[in-house]
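Every number for a ligand or one of its atoms is a count from 1 in the order of the listing.
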Amino acid sequence: MNKRILIINGPNLNLLGKREPTIYGTTTLTDIQNTLSEQAKQQGIELSFIQSNHEGELVNAIQQQGLLCSCEEQVDAIIINPAAFTHTSVAIRDAILATDKPFIEVHLSNVHAREEFRKHSFLSDKAVGVICGLGAKGYEMALSYFIDNLYE
Ligand code: DQA
């Protein structure tokens, strides 16, 4: 059976390409999703994508795809850029932990080289890994990790 991976993007990431390009680059979210879809297709992996500016919508998607649907429909892993919710959201942390699925946290920018408040994440201590500062490539590296490791 094909593996499924949920790719989550938090608030303001719908603006990628237009938003502070010196920090976040000029690649759009659609570009990123298209590249990931191509990478996944070659490996027979099914991806689903959600981007939302609303915390509750992200919590609902995580619950729905990670726990509440039938076992066969549940995702096997999660790649998440929680954006600003990284630094604030206990609710997203709790939702992800409730699924008991492995997840990788991705940030386009190097959050450790920016403002102090970006150094704290509510997710990092539970993540399989954290990738930051490598731009859109970070998502591809996270997917590549799961492609190599989900079948073990
Ligand atoms: C971000 C970093 C966060 O601090 C910020 O709030 C974002 C994007 C990143 O991808 O670099 O919106 O997650």
Side-chain angles (χ1 to χ4, degrees), residues 3-43 45-67 75-150:
K3 295 286 180 185
R4 293 167 190 260
I5 299 178
L6 173 61
I7 316 272
I8 302 171
N9 279 286
N12 299 307
L13 294 174
N14 56 314
L15 300 178
L16 285 181
K18 293 195 174 86
R19 173 193 183 198
E20 298 181 273
T22 52
I23 296 176
Y24 297 114
T26 51
T27 309
T28 67
L29 188 57
T30 305
D31 292 336
I32 292 173
Q33 292 179 346
N34 287 343
T35 304
L36 294 176
S37 296
E38 201 48 49
Q39 191 184 351
K41 199 165 74 186
Q42 288 162 11
Q43 304 291 335
I45 293 208
E46 289 176 31
L47 299 185
S48 56
F49 298 103
I50 176 166
Q51 186 282 324
S52 178
N53 297 326
H54 303 278
E55 189 176 20
E57 269 182 26
L58 296 174
V59 169
N60 283 346
I62 294 164
Q63 285 188 5
Q64 189 51 46
Q65 297 197 47
L67 192 62
V75 293
D76 299 287
I78 296 170
I79 296 170
I80 181 166
N81 182 346
F85 293 146
T86 309
H87 320 297
T88 62
S89 182
V90 177
I92 290 176
R93 174 191 174 93
D94 286 350
I96 294 205
L97 296 189
T99 70
D100 204 24
K101 308 290 181 199
F103 73 94
I104 297 177
E105 178 182 338
V106 173
H107 300 283
L108 295 140
S109 66
N110 179 356
V111 284
H112 299 287
R114 301 182 61 194
E115 300 96 324
E116 203 55 34
F117 68 84
R118 293 188 204 274
K119 292 184 182 162
H120 177 258
S121 164
F122 275 99
L123 294 180
S124 297
D125 63 310
K126 298 293 182 182
V128 173
V130 181
I131 302 171
C132 75
L134 304 184
K137 200 86 196 151
Y139 294 88
E140 294 168 47
M141 294 170 98
L143 179 55
S144 165
Y145 176 85
F146 280 136
I147 287 168
D148 291 346
N149 292 282
L150 276 181

Please answer whether the main-chain N or O of Thr86 pairs with a side-chain N or O of Ser89 as donor and acceptor at a distance below 3.5 Å.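 Not a single qualifying donor-acceptor pair exists.
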
Would a distance-only check, ignoring hydrogens and angles, find a side-chain to backbone donor-acceptor pair under 3.5 Å from Gln39 to Glu140?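 It does hold such a pair.
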
Can you pull every nitrogen or oxygen pair between ligand 1 and the protein closer than 3.5 angstrom?
from, atom 1, to, atom 2, distance (Å)
ligand 1, 4 (O), His87, NE2, 2.7
ligand 1, 4 (O), Arg118, NH1, 2.8
ligand 1, 6 (O), Ala84, N, 3.2
ligand 1, 6 (O), Arg118, NH1, 3.1
ligand 1, 10 (O), Asn81, ND2, 2.8
ligand 1, 10 (O), Leu108, N, 2.8
ligand 1, 11 (O), Leu108, N, 3.3
ligand 1, 11 (O), Ser109, N, 2.9
ligand 1, 11 (O), Ser109, OG, 2.6
ligand 1, 12 (O), Arg19, NH1, 3.1
ligand 1, 12 (O), Arg19, NH2, 3.0
ligand 1, 13 (O), Asn81, OD1, 2.8
ligand 1, 13 (O), His107, ND1, 2.8

Looking at residues at least two apart in the chain, or sitting in another chain, which of them share a ring pair (Phe, Tyr, Trp, His ring centres under 6.0 Å) with Phe122? His120

Just verifying a value: how many Å separate Leu58 CG and Ile8 CD1, rounded to the nearest 0.5 Å? 6.5 Å

Asn12: what forms a side-chain hydrogen bond (donor to acceptor under 3.5 Å, both in side chains) with it, not counting sequence neighbours?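 Scan of Asn12 (side-chain hydrogen bond (donor to acceptor under 3.5 Å, both in side chains), adjacent residues dropped) gives none.
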
Tell me, which pairs form a side-chain hydrogen bond (donor to acceptor under 3.5 Å, both in side chains) where one or both residues lie in residues 95-104, sequence neighbours left out?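 Applying side-chain hydrogen bond (donor to acceptor under 3.5 Å, both in side chains) to every pair that reaches into residues 95-104, excluding sequence neighbours, yields Gln74-Lys101.
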
